[in-house]
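Comments concern the structure below.
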Amino acid sequence: MTLKNLFFDLDGTILESSRGILNSFRYTFDEMGHPQLSDAELNTFIGPPLEATFATLANGDDAWAEKAIVTYRKYYAAKGMLEAEPYDGILEMLEELQHFDYNLFIATSKKEDVAQNMLAGLKLSQHFKGIFGNTPQAHSKTLVLKKSLDLSQSTPNTSAMIGDREYDIIGGQENKVAKTIGVLWGFGNETELKNAGSDILIAHPQQLLEIIR
């Protein structure tokens, strides 16, 4: 069956948002008395849900992890989310996909209202028929994508999940979408995406329209 519904990850796929994310982690570590980590270590935190990242750092201290998440989100909402911009070629890709009547959605591990506010601030909201993200009921990529499919009334066999990290690919597989598409311009890499079982890899936004048509 032909692909009709395209679900995009946000950070590392639509937006180059690393500066704001890394600054948010640095601020949180200062506030929480946690040793600062290298940029290479911090880059591995871009993509996974905050719950998973801070649970790992907390060493079993759930209260610490919860407070760290609140601290991170406070800074990110005030400053971090403004430090982002679309990757080169993204706007043209979105416009072309809309021209060919694809239904475009965001399915992100970022907090849902933050993702919506971020895209509105960058004047990108109009490209998407739905912006779905992390909520208390849906905090993993698999659950976010399931919610996205359900609320948009999209059938998995006409849908694709597009993202830069293994979580995007695994989320797509666990929801049985027709295609999982890994992008190589984000925060993951070819090895990670291949190991996760991505159906297709693309190196530039323009390739997306070429491969799905």
Side-chain angles (χ1 to χ4, degrees), residues 8-88 106-119 121-122 131-145 161 163-171 174 182-198:
F8 291 88
D9 174 50
L10 187 57
D11 297 316
T13 302
I14 298 295
L15 298 179
E16 187 0 323
S17 49
S18 60
R19 186 158 62 104
I21 293 172
L22 299 189
N23 286 342
S24 298
F25 277 115
R26 293 187 187 106
Y27 173 84
T28 303
F29 292 156
D30 280 345
E31 290 292 302
M32 300 296 294
H34 188 283
Q36 289 294 337
L37 303 177
S38 69
D39 284 358
E41 288 176 289
L42 291 177
N43 281 333
T44 68
F45 300 159
I46 301 175
L50 289 177
E51 290 84 356
T53 297
F54 283 116
T56 301
L57 295 171
N59 293 317
D61 187 343
D62 292 344
W64 187 93
E66 288 176 14
K67 186 176 179 184
I69 291 170
V70 170
T71 303
Y72 175 101
R73 285 178 170 156
K74 180 180 177 182
Y75 178 91
Y76 191 82
K79 295 182 179 179
M81 74 174 184
L82 306 175
E83 301 172 318
E85 59 185 5
Y87 286 99
D88 288 344
I106 292 291
T108 175
S109 294
K110 187 185 293 297
K111 200 163 175 278
E112 188 165 275
D113 62 335
V114 173
Q116 291 168 346
N117 292 338
M118 195 172 184
L119 287 164
L122 293 167
I131 299 168
F132 304 104
N134 183 312
T135 62
Q137 296 76 31
H139 52 79
S140 69
K141 183 53 66 89
T142 296
L143 291 174
V144 169
L145 182 55
M161 180 66 212
D164 66 312
R165 298 298 308 271
E166 62 182 338
Y167 307 94
D168 303 308
I169 305 308
I170 293 167
E174 291 183 342
V183 307
L184 297 175
W185 58 80
F187 304 121
N189 57 51
E190 185 173 358
T191 301
E192 175 182 339
L193 292 164
K194 280 185 174 178
N195 287 346
S198 179

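The CG atom of L37 sits 6.5 Å away from the CG atom of L57 when rounded to the nearest 0.5 Å. Here S17 contributes atom OG and I46 contributes atom CD1; the two are 6.5 Å apart, rounded to the nearest 0.5 Å. Distance check: D164 CG to Y87 OH gives 6.5 Å after rounding to the nearest 0.5 Å. To the nearest 0.5 Å, atom CZ of residue R165 and atom CD of residue E192 are 4.0 Å apart. Here the OH-OG1 distance, from Y167 to T108, works out to 13.5 Å after rounding to the nearest 0.5 Å. Here the CD1 atom belonging to I14 is positioned 13.5 Å from the CD atom belonging to E85, to the nearest 0.5 angstrom.
Taking every heavy atom of both residues into account, T13 and G163 meet most closely at OG1-CA, 3.4 Å. Here the shortest heavy-atom pairing between N134 and S109 reads CB-O, 3.0 Å. The minimum heavy-atom distance linking W64 with A58 is given by the pair CE3-CB, 3.6 Å. Here the closest heavy-atom approach between residue E166 and residue A196 is recorded as CB-CB, 3.8 Å. Residues E112 and F132 share a closest heavy-atom pair of OE1-CA, 3.4 Å. The two residues S24 and Y75 come nearest to each other via the heavy atoms OG-CD2, 3.2 Å.
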Stepwise side-chain contact (heavy atoms from CB on, under 4.5 Å) check, E190 with L184 = CA-CA 7 Å; E190 185 173 358; L184 297 175; 4.0 Å; yes
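Side-chain contact check for M161 versus I169: every heavy-atom pair is 4.5 Å or farther apart. You'll find the side chain of V183 stays beyond 4.5 Å of the side chain of F8, heavy atoms only.
At least one donor-acceptor pair under 3.5 Å links the side chain of T56 to the backbone N or O of A52. Counting only distance, with no hydrogens or angles, the side chain of Q36 and the backbone of R26 share a donor-acceptor pair below 3.5 Å. Distance alone, capped at 3.5 Å, places no donor-acceptor pair between the E174 side chain and the G171 backbone. Although no hydrogens or angles enter the test, the distance criterion places no donor-acceptor pair under 3.5 Å between the side chain of T71 and the main chain of T28.
Between H34 and the options F54, Y27, F29, a ring pair (Phe, Tyr, Trp, His ring centres under 6.0 Å) holds for only F29. The one candidate from L15, L10, L50 that meets the side chain to side chain contact (heavy atoms under 4.5 Å, CB included) condition with K110 is L10.
Between K141 and D9, at least one side-chain nitrogen of the basic residue sits less than 4.0 Å from a carboxylate oxygen of the acidic one, meeting the salt-bridge criterion. Electrostatic pairing of R73 and E51 counts as a salt bridge here, judged by a charged N lying under 4.0 Å from a carboxylate O.
Other residues, nucleotides and ligands contribute at most 12 non-hydrogen atoms within 6.0 Å of the CG atom of D88.
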